[in-house]
Student: 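Sharing a structure with you now.
It should be emphasised that the depicted structure is a prediction, and the values quoted were computed from it without experimental measurement.
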Amino acid sequence: MSDMKLLPPDGENYFYPDVMVIKGEPRFTNEKQTAVTNPCLIAEILSNSTEGFDKNQKFAFYRTIPELKEYILIDQEDYRVELYRKVGKNQWLLTELMSQEDVLTLESVEVEISLADLYKRVKFTNK
């Protein structure tokens, strides 16, 4: 994913999401195939330096992508995942998961994973 860019509909700002999933055929912006426009799911790993940008400005751009159904923010310091799911035009539902027993259900890709499994190899420094 490190070389694949995302271009939202505004066509001005490229982004490099931590994870993107595309259902069906990817739509590339040019023949070089270095940027796509149609992910159904995007995940970002939060850090102190990127959290505000990921939650606000970046998500505002991502919401303009018609194919996007789910946006996931994953904390790297604790069991905390925020799942934003599109439920209607301009409507997003927030689900917060904050326990290792919680299960992240991704409808866009038909996957379920417990936070215990998601964070399996993570060593929290504050615990």
Student: Taking atom CD of Gln91 as the centre, does the number of heavy atoms from other residues, nucleotides or ligands within less than 6.0 Å exceed 12?
Tutor: yes
Student: Linking I/L/V/M/F/W/Y whenever their side-chain heavy atoms sit closer than 4.5 Å, directly or via other members, would Leu93 and Val81 fall into one cluster?
Tutor: no
Student: Going only through I, L, V, M, F, W and Y residues with side-chain contacts under 4.5 Å, is there a path from Leu97 to Ile45?
Tutor: yes
Student: Would you call the rings of Tyr71 and Phe59 parallel, tilted or perpendicular, taking 30° and 60° as the class edges?
Tutor: parallel
Student: List the steps and the verdict of side chain to side chain contact (heavy atoms under 4.5 Å, CB included) for Glu70 and Leu83.
Tutor: CA-CA 7 Å; Glu70 292 174 314; Leu83 168 64; 4.0 Å; yes
Student: What are the two closest non-hydrogen atoms of Val109 and Lys23, and how far apart are they?
Tutor: CA-CE, 4.5 Å
Student: Side chains of Leu106 and Ile72, heavy atoms from C-beta outward: is any pair under 4.5 Å?
Tutor: yes
Student: Quick one: pull up CG in Leu118 and CD1 in Ile113 and give me the separation to the nearest 0.5 Å.
Tutor: 5.0 Å
Student: Quick check: is Phe53 connected to Tyr84 through a chain of hydrophobic side chains (ILVMFWY, heavy atoms under 4.5 Å apart)?
Tutor: yes
Student: On a heavy-atom basis, which atom in Thr64 and which in Pro8 lie closest, and how many Å separate them?
Tutor: OG1-CB, 3.9 Å
Student: If I compare all heavy atoms of Trp92 with all of Arg63, which pair ends up nearest, and what's the gap?
Tutor: NE1-CD, 3.4 Å
Student: CD/Glu101 to OH/Tyr79 distance, rounded to the nearest 0.5 angstrom?
Tutor: 8.5 Å
Student: Looking only at heavy atoms, which two atoms of Ile22 and Asn38 are closest? And how far apart?
Tutor: CG2-ND2, 3.6 Å
Student: Quick one: pull up CE in Met20 and CG in Leu68 and give me the separation to the nearest 0.5 Å.
Tutor: 11.0 Å
Student: Show the numbers, then the answer: is there a side chain to side chain contact (heavy atoms under 4.5 Å, CB included) between Arg80 and Leu46?
Tutor: CA-CA 10 Å; Arg80 185 172 63 93; Leu46 299 177; 4.1 Å; yes
Student: Rounded to the nearest 0.5 Å, how far apart are CG of Leu6 and CZ of Phe61?
Tutor: 11.0 Å
Student: Hydrophobic clustering (ILVMFWY, side-chain heavy atoms < 4.5 Å, transitive) - are Val111 and Ile74 grouped together?
Tutor: yes
Student: Applying side chain to side chain contact (heavy atoms under 4.5 Å, CB included) to Leu41 and Lys69, what does each step give before you reach the verdict?
Tutor: CA-CA 6 Å; Leu41 179 137; Lys69 304 298 180 216; over 6 Å; no
Student: Could you grab the distance from atom OG1 of Thr34 to atom NZ of Lys5, nearest 0.5 Å is fine?
Tutor: 4.5 Å
Student: Which of parallel (below 30°), tilted (30 to 60°) and perpendicular (above 60°) describes Phe124 and Tyr119?
Tutor: tilted
Student: If two hydrophobic side chains count as joined below 4.5 Å and joins carry through other members, does Ile42 share a cluster with Phe15?
Tutor: yes
Student: Counting C-beta onward and ignoring hydrogens, is there a side-chain heavy-atom pair between Glu44 and Pro17 closer than 4.5 Å?
Tutor: yes
Student: Please find the pair of heavy atoms, one from Leu73 and one from Asp54, that lie closest to each other, and give the distance.
Tutor: CD2-CB, 4.1 Å
Student: Is there a side-chain contact between Glu82 and Leu94 (heavy atoms, below 4.5 Å)?
Tutor: yes
Student: Compare every heavy atom of Gly52 with every heavy atom of Gln57, then report the nearest pair and how far apart it is.
Tutor: OE1-O, 3.6 Å
Student: Does the Asp102 side chain pair with the main chain of Ser99, one donor and one acceptor, at a distance under 3.5 Å?
Tutor: yes
Student: To the nearest 0.5 angstrom, please state how far the OG atom of Ser114 sits from the NZ atom of Lys120.
Tutor: 8.5 Å
